[in-house]
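Worksheet for the structure shown next.
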Amino acid sequence: MLQTDSNQVDQLIRLQNTLTPLNDNEIAIKYKIQNRRIFLGAESFFFEEGQATLYQNAMYGGLKVDDKGESLLVGLYDENFQYIQPNK
C-alpha cells in the first residue's frame with residue numbers, strides 16, 4: 001500500500017497480498033518481489049534520442065494506477081514536482 005502526501009508523492013507503508021482493505025489516503029498497487037527487490041512494473045521511461053540531458057535530474061515518476069492496482073509510468077518530475085516537458 002502507498003500513502004499519498006500533500007505533494008502527491010506516495011510512500012510505501014506496507015505490503016499485503018490483496019487490494020483491500022484500504023485506509024484513507026492509500027492507493028493499492030501491484031508489485032513483484034525479485035531478488036529481495038520490489039518492482040512496481042513501471043521501472044522504465046523511454047524518451048527520444050537527444051533528450052537525456054532534459055531528464056537527468058528527474059526525481060519522481062508520475063504513475064497512473066487503476067482500480068486493479070495496475071500502474072503505468074506517464075512522465076517524470078523534477079525536485080520541485082514540476083512535470084518535465086520534452087523538447088520538441
Side-chain angles (χ1 to χ4, degrees):
M1 290 302 148
L2 304 174
Q3 189 170 46
T4 306
D5 69 15
S6 61
N7 291 311
Q8 296 298 303
V9 174
D10 292 322
Q11 300 290 326
L12 179 64
I13 54 169
R14 71 176 178 281
L15 299 177
Q16 64 186 45
N17 293 327
T18 60
L19 297 176
T20 57
L22 285 176
N23 296 319
D24 290 342
N25 215 25
E26 289 183 352
I27 297 171
I29 189 168
K30 288 187 177 181
Y31 64 90
K32 293 179 186 176
I33 298 177
Q34 293 179 336
N35 298 323
R36 300 175 65 182
R37 290 184 57 205
I38 296 174
F39 293 90
L40 302 178
E43 284 78 27
S44 299
F45 183 77
F46 298 99
F47 48 85
E48 289 183 40
E49 188 173 332
Q51 299 289 313
T53 304
L54 179 66
Y55 293 104
Q56 71 184 4
N57 294 322
M59 296 294 294
Y60 301 97
L63 296 179
K64 284 190 177 185
V65 181
D66 67 15
D67 59 353
K68 295 181 178 127
E70 300 288 340
S71 63
L72 175 67
L73 182 62
V74 295
L76 297 177
Y77 293 78
D78 67 16
E79 63 195 18
N80 297 312
F81 312 109
Q82 298 299 309
Y83 176 67
I84 300 173
Q85 291 280 354
N87 296 328
K88 295 193 179 197

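No experiment lies behind these values; they were computed from the predicted model shown.
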Any sub-3.5 Å donor-acceptor pair from [X]'s side-chain atoms to [Y]'s backbone N or O?
X     : Y     : result
Gln16 : Pro21 : yes
Gln51 : Glu48 : no
Thr20 : Leu22 : no
Ser71 : Leu40 : yes
Asp78 : Asn80 : yes
Asp5  : Asn7  : yes

How close do Tyr55 and Phe45 get, counting heavy atoms only, and between which atoms?
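Closest approach of Tyr55 to Phe45, heavy atoms only: CE2-CE2, 3.7 Å.
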
Approximate separation, where rounding is to 0.5 Å, of Leu63 CG and Ile27 CD1:
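The CG atom of Leu63 sits 9.0 Å away from the CD1 atom of Ile27.
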
If you round to the nearest 0.5 Å, how far is CE of Met59 from CD1 of Ile84?
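Here the interatomic distance stands at 10.5 Å.
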
Before giving the answer on ring-ring contact (aromatic ring centres under 6.0 Å, His included), spell out for Tyr31 and Phe39 the whole-Å C-alpha distance, their side-chain angles and the decisive distance to 0.1 Å.
CA-CA 5 Å; Tyr31 64 90; Phe39 293 90; over 10 Å; no

May I ask you to test the [X]-[Y] pair for a side-chain heavy-atom distance under 4.5 Å?
X     : Y     : value
Lys32 : Arg37 : no
Val9  : Tyr60 : yes
Lys64 : Asp66 : no

Side chain to side chain contact (heavy atoms under 4.5 Å, CB included) for Ile13 and Leu2? Distances and angles first, verdict last.
CA-CA 6 Å; Ile13 54 169; Leu2 304 174; over 6 Å; no

Walk me through it: do Gln3 and Arg14 pass the test side chain to side chain contact (heavy atoms under 4.5 Å, CB included)?
CA-CA 9 Å; Gln3 189 170 46; Arg14 71 176 178 281; over 6 Å; no

Have Thr4 and Asp10 got a donor and an acceptor in their side chains that come within less than 3.5 Å?
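Present: a donor and an acceptor within the cut-off.
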
Check step by step if side chain to side chain contact (heavy atoms under 4.5 Å, CB included) holds for Leu19 and Met1.
CA-CA 8 Å; Leu19 297 176; Met1 290 302 148; 5.5 Å; no

Using a cut-off of 6.0 Å, state whether more than 12 heavy atoms not belonging to Glu79 lie near its atom CD.
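No - once you tally the heavy atoms of other residues, nucleotides and ligands closer than 6.0 Å, there are 12 at most.
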
